[in-house]
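Fair warning: this is a prediction, and the values are worked out from it, not measured in the lab. Each chain gets a letter, A, B and so on, in the order the sequences are listed, and its residues count up from 1.
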Number of protein chains: 2
Amino acid sequence: MSKPKQVTIVDVAEAAGVSIATVSNVLNRGGIRSSKETIRKVEQAAERLGYRRNTMAAGLSRKKTYELGLIVPGLNGYYGLLAEHLQVEAHNAGYHLSVFSSGGFDPEIERRNLEVLLQRRVDGLICHGLAMGFESTRSIVNSGTPLVLINGWDWPEDIAIGAVNLGFATASEQSVKLLADGGCKKIIYVGSKKAKAVDEQRRIGFLRGVELVGTGIDYDLTDIKEIEVEAFIHNLHGSLTPPVGLVAFDDHIALRLLSAAMKMGIDIPNDLKIVGINNDYIAQHSYPGLTSWDIPYTYQAKKAIGKLLRKLQNSAEQKLAADQEKESLDEAREIDVPLTLIERQSTKTL
Amino acid sequence: MSKPKQVTIVDVAEAAGVSIATVSNVLNRGGIRSSKETIRKVEQAAERLGYRRNTMAAGLSRKKTYELGLIVPGLNGYYGLLAEHLQVEAHNAGYHLSVFSSGGFDPEIERRNLEVLLQRRVDGLICHGLAMGFESTRSIVNSGTPLVLINGWDWPEDIAIGAVNLGFATASEQSVKLLADGGCKKIIYVGSKKAKAVDEQRRIGFLRGVELVGTGIDYDLTDIKEIEVEAFIHNLHGSLTPPVGLVAFDDHIALRLLSAAMKMGIDIPNDLKIVGINNDYIAQHSYPGLTSWDIPYTYQAKKAIGKLLRKLQNSAEQKLAADQEKESLDEAREIDVPLTLIERQSTKTL
DNA sequence: CTGTTAGCGCATTCAG
DNA sequence: CTGAATGCGCTAACAG
């Protein structure tokens with residue numbers, strides 16, 4: 001009970017009366033065949049002694065860790081769920097995913113996390129665009145570690161080639177269309193600039209949407225930081241016929257807008273329509289329910305892990321030029337992950 | 001660019017013209033002094049060659065990984081934030097925290113995660129009570145790996161001695177008092193049995209609260225799974241004078257209750273008062289604002305990591321009986337982390 | 001099939 | 001203060 005004294009393959013070997021190589025073979029190398037008898041003996045001995053393979057030793061020896069690293073800005077909301085799904089996919093592929101939060105957007109912490117990951121000799125890295133600085137990202141690529149970016153729209157071509165991005169732009173664009181179709185003559189985007197590239201995508205999509213629905217639409221773009229929510233809604237109050245449409249940065253901001261409107265007794269969705277993004281729990285359970293865009297976590301995770309694994313193979317197998325060619329067709333550009341609209345009472349009467 | 005060829009201390013050593021031992025000393029062992037000159041040479045060489053210590057090799061050699069493991073039921077909401085804070089505290093203490101989600105409460109996944117962690121030879125483990133099965137937990141303890149439980153009220157004494165628990169019971173109890181003081185004559189707990197021990201704590205506290213406020217209070221306990229929220233609120237509708245009080249399992253459930261009530265045009269907080277737990281983003285931004293209990297993440301994380309580190313020391317230093325004695329005073333029972341009430345419009349008119 | 005051997009990259013005595 | 005030697009636990013050829 002005091003000194004459980006690590007049991008190693010050596011112990012198992014002599015307990016089973018075979019060599020350590022044999023133990024290694026039967027225990028953690030499916031490829032090499034052994035006689036039924038030895039297999040049984042070894043497995044039995046291992047079981048009895050409570051043997052547990054030492055990951056470090058194995059990794060050191062085979063020069064591959066089967067560990068992947070993930071760096072996200074935080075572990076709340078979208079990030080947490082994303083991390084969870086990525087972890088599952090990684091595990092399914094036989095890899096371990098080490099999750100790191102860069103604590104907001106602190107470049108200091110980011111550097112440290114990266115260093116830790118690299119020192120662990122992770123086989124590959126998945127990073128959220130928002131969590132990474134240009135410098136460090138460059139250094140990863142240089143270090144030779146395969147990298148896949150998530151939501152990294154604003155990255156240089158050579159890096160972004162491994163990006164898996166959510167289709168926020170299209171979602172925003174369609175939000176505008178939805179609101180316009182719903183009779184809104186004035187449509188406003190309430191964003192969150194501190195989310196940088198993520199916010200930028202929304203803005204791009206919003207403007208595209210405005211263009212799409214043509215003239216006759218009055219529009220505006222604001223930032224949640226720059227407005228006082230209640231005052232903002234209050235100002236709208238006078239001009240709610242025809243209805244005004246609000247495209248919110250996400251469901252959280254949508255909820256704030258919604259709350260302020262409710263407080264003022266504004267009729268939703270008849271006088272004011274709101275659409276969020278994320279389809280969080282709150283979107284389904286607020287009153288009125290919030291129209292929002294659902295994120296396909298599993299899909300995105302699969303894509304990201306899949307892409308990374310393919311990169312791993314390529315960097316390992318040192319492929320021929322011909323193969324490289326073929327592959328580039330598949331991996332040429334970043335992957336776009338489409339969201340799907342979930343309509344609720346904040347935009348339509350049931 | 002193709003084969004960055006791992007640079008090792010050997011490379012650094014010859015580049016600096018010293019032995020590998022010296023390199024190891026100056027690079028990762030503050031304790032051993034070296035001449036200013038060698039230090040400079042070594043650091044310079046390391047820098048130039050882009051040396052990065054191999055965690056596995058180091059760990060293998062010194063038989064300590066400086067890695068801690070965390071197993072939580074998921075990475076959403078509370079869990080995600082907790083993980084994030086624990087990670088920070090761990091890093092501050094010079095450790096790396098590997099976060100695992102046991103994917104809901106799947107015992108299968110839990111076993112696998114545990115196995116991975118143990119194979120990595122983590123120095124210690126932090127587990128959320130809800131994420132663990134009895135079997136596996138027992139096996140951890142037996143494996144000799146120090147363990148700290150989070151929210152593990154329902155565990156046997158010998159394991160729970162390393163627990164850091166949130167004071168949900170007290171929070172619920174005080175919620176009842178708050179509602180009673182607010183004039184509620186009927187108070188109902190709307191729980192979530194699937195949250196097992198966590199829900200149980202709330203129930204215990206709730207009942208304690210009922211007892212505390214004495215007679216004259218009509219109370220009831222229900223489960224979110226067993227009611228249809230709107231129907232539930234509807235039933236209350238007739239008997240809202242004096243006001244009814246609702247103690248919700250968490251802010252999410254509180255939001256649902258709130259939404260249903262709003263939809264029905266019930267006057268909150270005059271006819272119906274609601275209090276949640278967690279003080280989530282939604283609690284502050286819903287309308288009306290939700291009275292809730294704030295969770296001291298940093299505090300809990302500090303306590304948990306601190307406790308684990310102390311256990312690490314003890315198991316390493318093989319302390320004398322006398323020391324063990326002294327320590328047990330400090331660590332005798334599980335630590336209780338108190339929440340703090342944040343009152344908003346769902347219980348009081350501003 | 002199974003055993004022997006040579007590292008993987010680093011920390012750590014123990015001499016010098 | 002510095003260097004040579006030993007081993008951590010395991011994998012990967014290579015022989016037998």
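- Rounded to whole Å, the distance from CG on L49(A) to C1' on dG9(D) is 15 Å.
- Between H128(A) and F100(A), a ring centre-to-centre spacing not shorter than 6.0 Å is recorded.
- In terms of phosphate contacts, S35(B) brings a side-chain nitrogen or oxygen within less than 4.0 Å of OP1 or OP2 of dT2(D).
- When atom types are taken as modelled, the side chain of E84(A) and the backbone of L75(B) share a donor-acceptor pair closer than 3.5 angstrom.
- The nearest pair of heavy atoms linking A13(A) to V23(A) is CA-CG2, 3.5 Å.
- OP1 or OP2 of dG9(D) sits under 4.0 Å from a side-chain N or O of K63(B).
- Between Y66(B) and dA11(C), a side-chain N or O to OP1/OP2 separation shorter than 4.0 Å is absent.
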In sequence, state the C-alpha distance, the side-chain angles, and the governing distance for S136(A) and E110(A), and then conclude on side chain to side chain donor-acceptor pair (under 3.5 Å).
-> CA-CA 8 Å; S136(A) 28; E110(A) 183 224 311; 2.3 Å; yes

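- The distance from atom CD1 of I9(A) to atom C1' of dT2(C) is 14 Å, rounded to the nearest whole Å.
- When the C1' atom of dG7(D) is taken as reference, atom CG of N54(A) falls 14 Å away, rounded to whole Å.
- Heavy atoms of T8(B) sit under 4.0 angstrom from primed sugar atoms or phosphate atoms, though from no base atom.
- Comment: R52(A) engages E115(B) in a salt bridge, judged by a side-chain N to carboxylate O separation of less than 4.0 angstrom.
- Look at CZ on R121(A): it is 9 Å from C1' on dG9(C), rounded to the nearest Å.
- As judged by a 4.0 angstrom heavy-atom cut-off over every strand, A58(A) is placed among residues touching the sugar-phosphate backbone only.
- The nearest whole Å value for the distance from the NZ atom in K41(A) to the C1' atom in dT2(C) is 11 Å.
- No salt bridge links R138(B) with E135(B); every basic N to acidic carboxylate O contact stays at or beyond 4.0 Å.
- Put simply, N28(B) has a side-chain N or O that comes within less than 4.0 Å of OP1 or OP2 on dA11(C).
- As judged by a 4.0 angstrom heavy-atom cut-off over every strand, V10(B) is placed among residues making no nucleic acid contact.
- Closest to the side chain of N25(B), from the set dG9(D), dT12(C), dA12(D), is dT12(C).
- No engagement by V23(B) is indicated, since no non-hydrogen atom pair under 4.0 Å with the nucleic acid exists.
- Dashed line: the shortest gap from a side-chain N or O of S19(A) to OP1 or OP2 of dT4(C) is not under 4.0 Å.
- Listed pair R53(B) / dA11(C) meets the phosphate criterion, a side-chain N or O lying under 4.0 Å from OP1 or OP2.
- Put simply, T38(A) has a side-chain N or O that comes within less than 4.0 Å of OP1 or OP2 on dT2(C).
- With dT4(C), dT2(C), dC10(C) as the choices, the nucleotide that has an atom nearest any side-chain atom of A21(A) turns out to be dT4(C).
- A donor and an acceptor atom never sit less than 3.5 Å apart when one is taken from the side chain of S61(A) and the other from the base of dG9(D).
- Nucleotides of DNA chain D nearest to M56(A) and I20(B) differ in position, and the one nearer the 5' end is that of I20(B).
- Protein atom CD of Q6(B) is 15 Å distant from nucleotide atom C1' of dG7(C), rounded to whole Å.
- Remark: P of dG9(C) and NZ of K64(A) are 16 Å apart, rounded to the nearest angstrom.
- As rounded to whole Å, 17 Å separates atom P of dG9(C) from atom CZ of R62(B).
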